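Here the structure is a predicted model, which means the values were calculated and not measured.
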Amino acid sequence: MLSSVQNPRLFFVRCRFQFHLPSKSRHFHGSVAVRTSETVMEPQTHASSTTPPSSEILTIRKSLLSHQKKAVDIAEEYLNRLRQTEPQIQSFLHVSENALRDAQAIDQKIERNEELGPLAGVLVGVKDNICTVDMPSTGGSRILEDYRPAFDATAVKKLRECGAIIVGKTNLDEFGMGSTTESSGFQVTANPWDVSRVPGGSSGGSAAAVSARQCVVSLGSDTGGSVRQPASFCGVVGMKPTYGRVSRFGLMAYASSLDVIGCFGSSVVDTAILLHAISGHDILDATSSKRVVPDFSSQLTSMELFESKPLRGLRVGVIRETLGDGVDMGVISSIKAAASHLEELGSTVIEVSLPSFSLGLPAYYILASSESSSNLSRYDGVRYGNQVASDELNSLYGDSRANGFGPEVKMRILMGTYALSAGYYDAYYKRAQQVRTLVQKSFKTALDENDILISPAAPSVAYKIGEKKNDPLAMYAGDIMTVNVNLAGLPALVLPCGFVEGGVAGLPVGLQMIGAAFDEEKLLKVGHIFEQTLQGCRFLPPLVADSLS
Amino acid sequence: MASVLFRGIQTRPFLLYPSALLSRKNGVLFCTTKCSQSQTATQENQQTQMKVSPRTHTKKVEKILHDYEAIIGIETHVQLDTLTKAFCSCAYLYGSQPNTNVCPICMGLPGTLPVLNSKVIEFAVKVGLALNCNLSMNSKFDRKQYFYPDLPKGYQISQFDIPIATGGFIELDLPTEYGGGHRKFGITRVHMEEDAGKLLHSGNGSYSQVDLNRAGVPLLEIVSEPDIRSGLEAAEYAAEIQRLVRYLGVSNGNMQEGSLRCDVNVSVRPIGQLEYGTKVEIKNMNSFSAMNRAIDFEISRQVDLYSKGEDNQIIQETRLWEEGAQRTVTMRKKEGLADYRYFPEPDLPEVVLSEEYVDNIRASLLELPEVKRRRYERMGLSMQDVLFLTNDMNVADFFDATIERGAEVKMAANWIMSDIAAYLNNEKLSINEIKLTPQELAELISSIKGGTISGKIGKEILFELISNGGTVKALIEEKDLVQIVDPAEIEKMVDKVLIENPKQLQQYRGGKTKLQGFFAGQVMKLSKGKANPGLLNKILLEKLNAKG
């Protein structure tokens, strides 16, 4: 099957290696050349611009501080776009009524010459499984329809302290369980690149909202790839931090040992600023890390300051197992091209093998289901959420849960309950934990030898809504690229690196960069250089491209 | 908002026995905390138990146990007296309005996470050391999963396969009135967990309400080895646990408030049989005496079934002690083992103890009851005195302080156990709440011993000191209570009394020698109680018997 790589840059890259890369470790790149030569290149309209993405957050800050724009005008601009695109995209479950009022407050601060927080006037979308005190937080589940938390999640609290405006709550697969956002209890979100396709999941709403520029940045959560895969599908930057970097307090738990709150942005700089705002130890989360949080964005300099080989000395490992069977040709081509691009920038790229890679997927589904079967026990209809009236306690539980949970959630609760049951625990849960240890060790070894590892963020680009709905195993298989990273608790950055033919303007492909624990800084730096030097790609979906360009 | 009233829920297990639930609520079946603090398990037994005489009851059990042996193991839940709950910053105050000691965390709201209160570890280590256990330097928390409306998260944070302490023992002395004896019972394990809330059932059982005040309060579960053989031993075991946690200052150990709860497993087997019989769990015993009686009842019931050849009627079940009817009744039958699907709690890091941490706690432990009992025994006190004095740490401290200030051991013990204890009992006070200090008690004792005042005057001064404070010296001076030890002065008074009562003198000399007491009383009265009684009697007798 031919896939179309719509990236003229590849020509350039390919030529470059044929000149000077015939060494042993380059074997891998040779195949890039072969594959790409089969692809059909098409001229594209949107790729004509070569301007690298710039930080929307810094632009907003600059225009506010220089009094070029008012926060209210900026907010209105985003809200207008949100209103225009929302009927097609449906990325929000709730839009704040207070966004303009919050923006006015920022303008008043500016008038009074008060200091502005780093996110002042920045509209942030928040995944609906993250608690907000002034908006409903449902986790995408009917069982929590209209539930209003008594507190803000720590990440949200920090955002507000930085001056951010929480614009609304984004759609997701119920409690984060799914890879398409089709499992939401309320609505299906569409991919802004092609509204007949899924935005990925479970943070599909957050990814689509940033992609369609309905908000500046957004928060998601990532248990097995729920930030990275939708970032890939929607052509935005997605950051899954190290486990423990960001407090989970206020995040409705799916699988506690794997869950992290992550960030979406339209540029690496925005993602870095957002991550910096929400990171750090929290006394309300015993698993949050006390490590010092570096200023992630401070090292992300402008392109003019780059050296000719800005990534000189960087050791990049391409995970062999992620470029084999079951991965779309177009995706493989894009990733190989990205590897070449990294090499162009001065890094050395070699292929590494993670033998336990394929074991990660079943281990992940056992562990995540087991923990979720426990974490979701609290949704029993007794204290909050939807209760089905009943004459008897067991049917109150049974009916409330049967009525409130969707089929995907029920399936995972059943799987998890089974895996933890007496007599099965050793064969499933315990064994999966052993696999987890293996995965951690093999990542450790690979990351001792390499600074970062790269792989696709997903084996395919965004697929059609409904395509995998009745084939959960096919959907689960789509998580193969990401789940291992959660098992190991490592940070990973996904950024768009190319296109595959599809939709009206092609479909974005995401490159995943995996770093050592708490090494987000390096990932963001490499990602930023990669992004700023990537030629000929502009990841603005056609839906909004006209109005913005 | 937090209090949820759900009409029409049948809470089956409890509905059958609404009385059992009420008993904890209005459970002033026995005396107050303070009162029970100064009682041993069996003292409580004697006071409160009207229906069955403990002695005859015990005899009956002894007879039964000639052919059969009871095997008893106890799971004790001790509520820890930490300032805040185990995993959130809520305070817990017994008796607060429902759902006022709650927060999003202990209510299990979405997105909340537990953060361990380090005091819980400290208290668990204290108890583990005091029970002579091996501590797990690396332990963890696990989730125990089941659904019940008083369990907000749908799981209880507990410890499963690696409890914080294992393999210890506890030693105790049985009360002398039951024949005495020293016992050593094994402790299988001690683990940390959180308490659940409470259900309040409506009078007619048509609805129930949830009170989450208690949810998340830290507990220690102490599991004994099946070493216990009778209701008396079980009650004394529980009383020793209570004493221990009070000595350690980790819990008030109050059974009526539910701060100390015992679930007892009882089985019976013919003597000589190696395998255990089917065990039955008993719940709902709100006092040590109830434990004693419930267990002995259950032993008799099981032995009865055995001796009738109906031992297959003994099934694995939970039985409830009915205080009113003085019997156990079926609460629920256990159909197979409940599967709690334990797995490691992912929200909490492992519990890692350092040697230094444990050593510091070990060094901070004060003298524990068993050590104290042995020390008092060596001082020459009788076991009865030893048990009384060591039962309440405050009493023991008072006693120790009194002796340190030079008081004679036996006299100090007697004063504390008789007059002071009686006063405390009447006034429902603890020994710390009275104005008498050990210093003054020691002074009082030496004043009596040295003959400065009489025992009778001593008693008067004692009550003065207890209620108003002050010093012995000042009181003696103020009230001019110094004993009259001058024989000439006493002789004068004796003469005066004899002269004033010629008729009685005649009767005495006529053989009615019982009248000596009358004369002694008159002389004492005349001396305003200050005459030295020994001297008085000696002189009086001489005068009475002098043919004159």
Side-chain angles (χ1 to χ4, degrees), chain A residues 129-131 137-139 144 147 149-151 153-154 175 247-253 255-259 282-288 367 370-371 373-385 387 389-397 416-417 419-423 425 429-430 433, chain B residues 1-13 87-89 99 102-105 107-116 141-156 197 199 206-208 210 212 215 336-350:
Chain A
N129 61 351
I130 300 174
C131 290
S137 303
T138 66
L144 285 182
Y147 171 73
F151 55 90
T154 300
F175 292 117
S247 167
R248 292 186 292 119
F249 188 80
L251 169 66
M252 295 173 190
S256 310
S257 73
L258 302 162
D259 292 342
D282 180 9
I283 51 162
L284 296 174
D285 177 3
T287 62
S288 68
L367 295 176
S370 297
E371 291 188 27
S373 73
S374 173
N375 283 327
L376 271 56
S377 297
R378 67 184 62 197
Y379 307 112
D380 57 7
V382 173
R383 297 167 307 286
Y384 48 78
Q387 183 186 82
S390 176
D391 286 342
E392 195 264 330
L393 182 59
N394 274 333
S395 46
L396 178 136
Y397 284 140
T417 304
L420 289 176
S421 294
Y425 181 88
Y429 184 85
K430 207 168 167 190
Q433 285 289 24
Chain B
M1 180 195 89
S3 117
V4 177
L5 180 136
F6 42 111
R7 273 170 207 285
I9 293 177
Q10 285 175 22
T11 44
R12 252 192 219 121
F87 301 112
C88 64
S89 52
N99 298 310
V102 293
C103 74
I105 298 168
M107 287 196 291
L109 295 190
T112 55
L113 297 168
V115 176
L116 179 64
F141 284 98
D142 300 278
R143 292 184 182 176
K144 177 182 180 176
Q145 313 193 62
Y146 62 94
F147 284 98
Y148 205 61
D150 65 6
L151 191 69
K153 299 189 292 298
Y155 55 83
Q156 178 193 29
L199 291 191
S206 65
Y207 67 92
S208 303
V210 185
L212 295 180
L337 267 169
D339 185 355
Y340 291 117
R341 304 190 311 282
Y342 281 100
F343 78 104
E345 166 59 279
D347 287 330
L348 292 167
E350 286 191 334

Taking every non-hydrogen pair under 4.5 Å, which of Ala153(A), Ser374(A), Pro149(A), Ser247(A) racks up the most with chain B?
Ser374(A)

Check the orientation of Tyr397(A) and Phe147(B). Use parallel for under 30°, tilted for 30 to 60°, and perpendicular for over 60°.
tilted

May I ask you to name which of Ser377(A), Gly385(A), Ser395(A), Ala286(A) has the most heavy-atom pairs under 4.5 Å with chain B?
Ser377(A)

How many angstroms lie between SG in Cys88(B) and CG in Leu284(A), if you round to the nearest 0.5 Å?
10.5 Å

Report yes if some heavy atom in the side chain of Phe249(A) is under 4.5 Å from a heavy atom in the side chain of Ile105(B); otherwise report no.
yes

Check: Tyr155(B) and Asn375(A) side chains under 4.5 Å, non-hydrogen atoms
yes

Does a side-chain heavy-atom distance below 4.5 Å link Tyr147(A) with Leu109(B)?
yes

Chi angles and distances behind the side-chain contact (heavy atoms from CB on, under 4.5 Å) call for Phe343(B), Glu371(A)
CA-CA 9 Å; Phe343(B) 78 104; Glu371(A) 291 188 27; 3.8 Å; yes

Is Asp339(B) reaching over with its side chain to a backbone N or O of Ala422(A), donor-acceptor style, under 3.5 angstrom?
yes

Close side-chain approach of Pro110(B) and Tyr379(A), heavy atoms under 4.5 Å
yes

Given heavy-atom pairs under 4.5 angstrom as the criterion, report whether the side chain, backbone, both or neither of Leu258(A) touches chain B.
neither

Look at Gly139(A), Gly250(A), Ser257(A) and state which one has the largest set of heavy-atom pairs under 4.5 Å with chain B.
Gly250(A)

Measure across Arg383(A) and Leu212(B) and return the closest heavy-atom pair with its distance rounded to 0.1 Å.
CD-CD1, 3.8 Å

Nearest 0.5 Å, please: how far is CZ in Arg378(A) from OG1 in Thr112(B)?
4.5 Å

May I ask you to check whether Arg341(B) and Tyr425(A) show a side-chain donor-acceptor distance below 3.5 Å?
no

So CG of Leu376(A) and NZ of Lys153(B): to nearest 0.5 Å the spacing works out to 14.5 Å

With a 4.5 Å heavy-atom cut-off, do Thr417(A) and Gln145(B) have their side chains touching?
no

If you tally heavy-atom pairs under 4.5 Å against chain A, which of Pro349(B), Gly154(B), Pro104(B), Pro152(B) wins?
Pro152(B)

Candidate pair Arg143(B) and Ser256(A), rule side-chain contact (heavy atoms from CB on, under 4.5 Å), full reasoning:
CA-CA 12 Å; Arg143(B) 292 184 182 176; Ser256(A) 310; 3.7 Å; yes

Would you please test Leu420(A) and Tyr342(B) for side-chain contact (heavy atoms from CB on, under 4.5 Å) and show each step?
CA-CA 7 Å; Leu420(A) 289 176; Tyr342(B) 281 100; over 6 Å; no

Determine, stepwise, if the pair Arg248(A) / Leu113(B) fulfils side-chain contact (heavy atoms from CB on, under 4.5 Å).
CA-CA 8 Å; Arg248(A) 292 186 292 119; Leu113(B) 297 168; 3.8 Å; yes

